[in-house]
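Notes follow the structure.
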Amino acid sequence: NEYKSYLSMVTIRVLYFAKVKDITQRTSEDLALPKPQMLASELFGILASMYPPLVSLKSSLMLALNEEYISIDQVIGFVDGDEVALIPPEKWKKSSYSFAKMVIQPKS
C-alpha cells in the first residue's frame, strides 16, 4: 500500500566530511528513507547507490548517529531529524577532540 509506505518514511540529515564531501560534492543533505528501521549497512548501500565511488571507502569509513559512533552491522531505528555522519579516516576522533567539536568545527 503506497499510503502506508509514505507513513513509514523518515527523513534524516546526512553529513559528509573530507573525501566523502569531495565525492558527494556536498557537506550535507536530507534523505528520505524507505523504512525507519534498517542496518547501518543498508543505509550505506542507499548512499553508495547515489554516489558509487563511496564503495571504495566502505571499509575505512566510520559512521555516527546523532554524534555517537555506530557499527556498520548495527540495526538503527531512525526518527525524523536524525543526523548520520560519514567520517573518513582523516577525520576520525582524536583523543583530544570530541565528535561534536568535529561536526561544529571541521578541519579543512
Main-chain N/O of Glu83 paired to Asn66 side chain as donor or acceptor, under 3.5 Å = yes
Ignoring hydrogens and angles, tell me if any N or O in the side chain of Gln25 forms a donor-acceptor pair with the backbone of Asp22 under 3.5 Å.
-> yes
Any side-chain heavy atom of Val84 within less than 4.5 Å of one from Phe78?
-> yes
Measuring from atom [atom1] of [X] to atom [atom2] of [Y], what distance do you get when rounded to the nearest 0.5 angstrom?
X     : Y     : atom1 : atom2 : answer
Leu61 : Ile72 : CG    : CD1   : 8.0 Å
Leu65 : Gln74 : CG    : CD    : 8.0 Å
Ile87 : Phe17 : CD1   : CZ    : 6.0 Å
Thr24 : Met50 : OG1   : CE    : 9.0 Å
Leu54 : Ile23 : CG    : CD1   : 5.0 Å
Glu29 : Tyr16 : CD    : OH    : 3.5 Å

Identify the heavy atoms of Asp82 and Gly77 that sit nearest to each other, and give their distance.
-> OD2-O, 4.2 Å
Which of these, Ile76, Leu31, Asp80, sits in a side chain to side chain contact (heavy atoms under 4.5 Å, CB included) with Ile12?
-> Leu31
Residues passing the salt bridge (charged side-chain N to carboxylate O under 4.0 Å, His left out) test with Asp30, sequence neighbours excluded, are Arg13
Under 3.5 Å, sequence neighbours excluded: what are the donor-acceptor pairs made by side chains of residues 32-47?
unit_1, atom_1, unit_2, atom_2, d
Lys35, NZ, Glu42, OE1, 3.0
Glu42, OE2, Leu39, N, 2.8

